[in-house]
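Report on the structure given below.
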Amino acid sequence: MKDAVTPPPIVRQLAELRAMTAGWHLAQESVGVVPTMGALHDGHLSLVAAAKKLCDRVIVTIFVNPKQFNNPEDLANYPRTEAEDAKKLARFGIDAVYVPEPDQIYPNGFSTTVSVAGLTDVMDGVHRPGHFDGVATVVTKLFTQSTATDAFFGEKDFQQLQVVKRLARDLDLQITVHGCPTIRDIDGLALSSRNLLLSDRARTKACRLFEEMEKIAEGLNAGEAFEDLHAAAVKALETAGFTKVEYLDLRAADDLTELAAPTREARLFAAAWLAGVRLIDNIAV
Ligand code: PAF
């Protein structure tokens, strides 16, 4: 039995990771991977806990993937907190933290892009051009490099979760992709590394996004028209200080088709800007 407070080894080279995982596969152990970009919060840690529960071995990856940032300023500002992240992971007794050097992911001359059509034509795919190609490419690399049998992603990024499930299926990757529920702060704000970028003042307003989404969900349950609920929510968010509501969409949970009413398993998706920070969220309706 592993000592749960021993900090996990930090692995920066693919060859070292491969040497570790080869032994695990020989012993027929299951291997869980939790891909992250660091700045770990309780949402990430819930994925680590889920992986620990299901898998014999667990790898957390930390890589701020330049290919998925459509805005260089956003990439430069993205929080990087490796030492704190390693401390937060210590209590889980995981087997490795893979923090690859950039050339381990994108060696000189790297020229392959994984692109998932359809699911990426809407929402973040439209508002963040190239984002999902970057995500799909890096996730494919992290899956093949980690040789994991299971992978864990948060439902907070629901569109990303669907894209990753699709690429794993389409490319016959031998990995099961698990979606885990969004973790929220006490006021309802979905946990996100980007919340660190909110000023104290903006932070107090940020929960309005979830509140307005809940109002829409309640209205839909009461038989009200989505169009009216949508208009009221956008107005309320703008009045609260959100500068731009990029989308507030009702969509089918499986293929993300736009819906006018929740006639099949549906989710409400939102992206909105508050004080220079882009917040996204989604809930089942
Ligand atoms: O959700 C994230 O943090 C990233 O998009 C991921 C999946 C780690 C790929 O870089």
Side-chain angles (χ1 to χ4, degrees), residues 11 14 17 32-48 50-51 58-72 74-82 84-85 88-89 94 96-106 110 112-116 119-120 123-125 127-146 148 150-168 171 173 175-183 190-197 269 271 277-282:
V11 176
L14 175 58
L17 187 71
V33 68
V34 181
T36 81
M37 298 204 298
L40 301 183
H41 51 64
D42 285 350
H44 295 116
L45 300 180
S46 74
L47 304 179
V48 177
V58 173
I59 303 167
V60 173
T61 72
I62 298 180
F63 181 66
V64 181
N65 173 33
K67 282 199 193 290
Q68 71 186 75
F69 286 82
N70 52 308
N71 173 346
D74 190 20
L75 172 62
N77 289 340
Y78 201 83
R80 289 162 171 86
T81 58
E82 187 185 313
E84 283 100 323
D85 292 346
K88 286 181 188 165
L89 291 170
I94 63 170
V97 187
Y98 182 47
V99 191
E101 303 288 355
D103 70 345
Q104 301 296 289
I105 300 289
Y106 302 122
F110 186 85
T112 299
T113 299
V114 178
S115 193
V116 176
L119 288 172
T120 61
M123 300 192 287
D124 275 18
H127 290 277
R128 302 187 66 191
H131 168 68
F132 284 120
D133 281 1
V135 169
T137 304
V138 83
V139 165
T140 304
K141 295 239 15 171
L142 293 169
F143 282 2
T144 53
Q145 291 194 347
S146 66
D150 296 85
F152 298 81
F153 289 82
E155 287 184 346
K156 154 85 177 17
D157 297 298
F158 196 88
Q159 189 175 11
Q160 167 174 279
L161 171 64
Q162 297 303 72
V163 167
V164 169
K165 281 186 173 167
R166 185 68 62 88
L167 80 83
L171 300 178
L173 302 181
I175 191 162
T176 306
V177 178
H178 305 267
C180 303
T182 302
I183 305 294
L191 295 192
S192 162
S193 305
R194 285 174 199 277
N195 296 353
L196 291 175
L197 304 174
F269 294 88
V277 180
R278 186 173 186 271
L279 301 174
I280 64 168
D281 202 349
N282 71 91

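Nothing fancy with the numbering, it's 1 onward along the sequence. Quantities reported herein were computed from a predicted structural model and do not represent experimental measurements. Just follow the structure's listing: the first ligand is 1, and inside any ligand the first atom is 1.
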How far is atom 2 (C) of ligand 1 from the closest protein heavy atom, and which atom is that? Gln160 NE2, 3.9 Å
Of all the atoms in ligand 1, which lie at a distance below 4.0 Å from a heavy atom belonging to [X]?
X      : value
Val138 : 9 (C), 10 (O)
Phe153 : 7 (C)
Thr36  : 8 (C)

Just to be sure I read this right, does ligand 1 sit under 4.0 Å from the backbone of Thr61, its side chain, both, or neither, counting only heavy atoms? neither
How long is the straight-line distance from OG1 of Thr36 back to CG of Leu47, given to the nearest 0.5 Å?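 Between Leu47 CG and Thr36 OG1, I get 9.0 Å after rounding to 0.5 Å.
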State which residue, out of Thr112, Val114, Asn65, Ile105, fulfils the side chain to side chain contact (heavy atoms under 4.5 Å, CB included) condition with Thr137.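 That would be Val114.
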Going by the rule salt bridge (Lys or Arg N to Asp or Glu O under 4.0 Å), which residues pair with Asp74 if we only count those two or more places apart in sequence or in a different chain? Arg128, Arg194
Within-cut-off N or O pair, Gln68 and ligand 1, under 3.5 Å: yes
Using the six-membered ring wherever Trp is involved, compare the ring planes of Phe63 and Tyr106 and label them parallel, tilted or perpendicular (cut-offs 30° and 60°). tilted
Who are the side chain to side chain contact (heavy atoms under 4.5 Å, CB included) partners of Asp281, not counting sequence neighbours?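 Partners of Asp281 by the side chain to side chain contact (heavy atoms under 4.5 Å, CB included) criterion, ordered by chain and then number, come out as Arg184, Ala190, Leu209, Phe210, Met213.
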